[in-house]
Asker: 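Just dropping this structure here.
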Amino acid sequence: MQEIEAKKQLKASEGAHFFYTLIFLSASGIIETQFIDQKCNQNLALFTHLVFYGLIIWGTYILITLIPRYKNPAINLFFNFLDICFAVYISFLLIYGYKLYSSQNDCAVEAPALYFFLEVFMLVNGIIFIILGLAFISYILKRFSKHQQSQAQGDEEYLEA
């Protein structure tokens, strides 16, 4: 039995993950090479390092999972676990970024490239998490309404008999 086969087509989420990673990895790589020496009273360089090296690991994961399709359920479960780990990692980066952004700092003047990267990262990921949260709420409400609807139909059938 062959455990790996070629994917016939990519899902929209896989393409979105690929372009998200490509864009932020490129941006953080440029900042790492050209602007990392900018200093302010916050440690924005650490934030940039965390984004850059985290996206290198995530990009490797995407390359491993983008083309082949794995039939083994244990491998698929492990990859789903890695997806959740990445979401948690990005969530913690958002919290850390918000902490840096909301505290008193002079980074907009002293380290404008790093500060702009922090703002863009927080804006894009904040919008993504809001959309995912709304999709989750919509999913829960849809399941709840289907459950209520099927239960109401069952009650009507019971009353008619």
Side-chain angles (χ1 to χ4, degrees), residues 4 6-70 72-145:
I4 300 173
K7 284 185 183 175
K8 301 203 182 342
Q9 120 184 65
L10 294 178
K11 293 187 258 178
S13 63
E14 292 171 333
H17 282 171
F18 177 75
F19 284 111
Y20 168 88
T21 304
L22 184 66
I23 290 168
F24 275 105
L25 186 59
S26 299
S28 61
I30 290 169
I31 290 173
E32 285 279 339
T33 58
Q34 296 179 5
F35 301 106
I36 204 66
D37 295 333
Q38 294 179 351
K39 302 287 184 220
C40 65
N41 63 352
Q42 296 292 324
N43 195 357
L44 295 181
L46 175 62
F47 179 80
T48 306
H49 292 317
L50 289 172
V51 171
F52 180 70
Y53 293 114
L55 287 177
I56 285 178
I57 294 169
W58 181 246
T60 304
Y61 164 78
I62 286 179
L63 289 176
I64 290 170
T65 60
L66 194 62
I67 303 301
R69 187 171 63 124
Y70 300 94
N72 188 337
I75 292 174
N76 290 329
L77 182 66
F78 177 69
F79 285 151
N80 289 338
F81 173 72
L82 289 179
D83 283 337
I84 293 169
C85 288
F86 182 70
V88 169
Y89 178 73
I90 293 296
S91 300
F92 282 131
L93 277 178
L94 269 175
I95 292 167
Y96 180 59
Y98 180 74
K99 179 189 156 292
L100 292 174
Y101 186 77
S102 63
S103 62
Q104 290 291 332
N105 61 56
D106 61 351
C107 298
V109 175
E110 299 295 324
L114 298 175
Y115 196 68
F116 179 71
F117 179 71
L118 172 68
E119 288 176 331
V120 169
F121 184 84
M122 288 180 41
L123 179 68
V124 169
N125 286 296
I127 291 171
I128 289 171
F129 274 91
I130 288 171
I131 291 170
L132 290 175
L134 291 175
F136 181 72
I137 291 169
S138 172
Y139 172 76
I140 296 296
L141 292 175
K142 189 185 329 179
R143 285 197 50 116
F144 181 70
S145 69

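As the structure is a prediction and not an experimental result, all values here were calculated from the model.
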Asker: State whether the number of non-hydrogen atoms from other residues, nucleotides or ligands found under 6.0 Å of Tyr96 atom OH is greater than 12.
Answerer: yes

Asker: With a sphere of 6.0 Å drawn around CZ of Phe92, does it hold more than 12 non-hydrogen atoms of other residues, nucleotides or ligands?
Answerer: no

Asker: Hey, could you give me the NZ/CD distance between Lys99 and Gln42, rounded to the nearest 0.5 Å?
Answerer: 6.0 Å

Asker: Can you check whether Thr48 reaches Leu114 side chain to side chain, under 4.5 Å on heavy atoms?
Answerer: yes

Asker: Could you grab the distance from atom CD1 of Ile62 to atom OG1 of Thr21, nearest 0.5 Å is fine?
Answerer: 3.5 Å

Asker: So, the side chain of Ser138 versus the backbone of Leu134: is there a donor-acceptor pair under 3.5 Å, distance only?
Answerer: no

Asker: Counting C-beta onward and ignoring hydrogens, is there a side-chain heavy-atom pair between Trp58 and Leu25 closer than 4.5 Å?
Answerer: no

Asker: Report yes if some heavy atom in the side chain of Ile137 is under 4.5 Å from a heavy atom in the side chain of Ile140; otherwise report no.
Answerer: no

Asker: Do you know which two heavy atoms are closest between Phe129 and Ala87, and how far apart they sit?
Answerer: CZ-O, 3.8 Å

Asker: So, taking the atom named CD1 in Ile36 and the one named CD1 in Ile30, what distance separates them when rounded to the nearest 0.5 Å?
Answerer: 13.0 Å

Asker: Near Phe78 CZ, under 6.0 Å, is it more than 12 heavy atoms from other residues, nucleotides or ligands?
Answerer: no

Asker: Below 4.5 Å, heavy atoms only, C-beta onward: do Leu93 and Ile90 meet side chain to side chain?
Answerer: yes

Asker: Which residue pairs pass the ring pair (Phe, Tyr, Trp, His ring centres under 6.0 Å) test with at least one member in residues 32-54, sequence neighbours excluded?
Answerer: Phe47-Phe121

Asker: Between Tyr61 and Phe79, how do the two ring planes meet: parallel, tilted or perpendicular, split at 30° and 60°?
Answerer: perpendicular

Asker: Going from OG1 on Thr60 to CG on Leu55, what distance comes out if it is rounded to the nearest 0.5 angstrom?
Answerer: 10.5 Å

Asker: If you measure from OH on Tyr115 to CG on Leu100, what distance do you get to the nearest 0.5 Å?
Answerer: 9.5 Å

Asker: If you measure from OG on Ser102 to CE on Met122, what distance do you get to the nearest 0.5 Å?
Answerer: 7.5 Å

Asker: State, without any angle test, whether Asn125 and Tyr20 hold a side-chain donor-acceptor pair at a distance under 3.5 Å.
Answerer: yes

Asker: Can you confirm whether Val51 sits close enough to Tyr89 that some side-chain heavy atom of one is under 4.5 Å from a side-chain heavy atom of the other?
Answerer: no

Asker: Tell me if a side-chain donor or acceptor on Asp106 pairs with a main-chain N or O of Cys40 at a distance below 3.5 Å.
Answerer: no

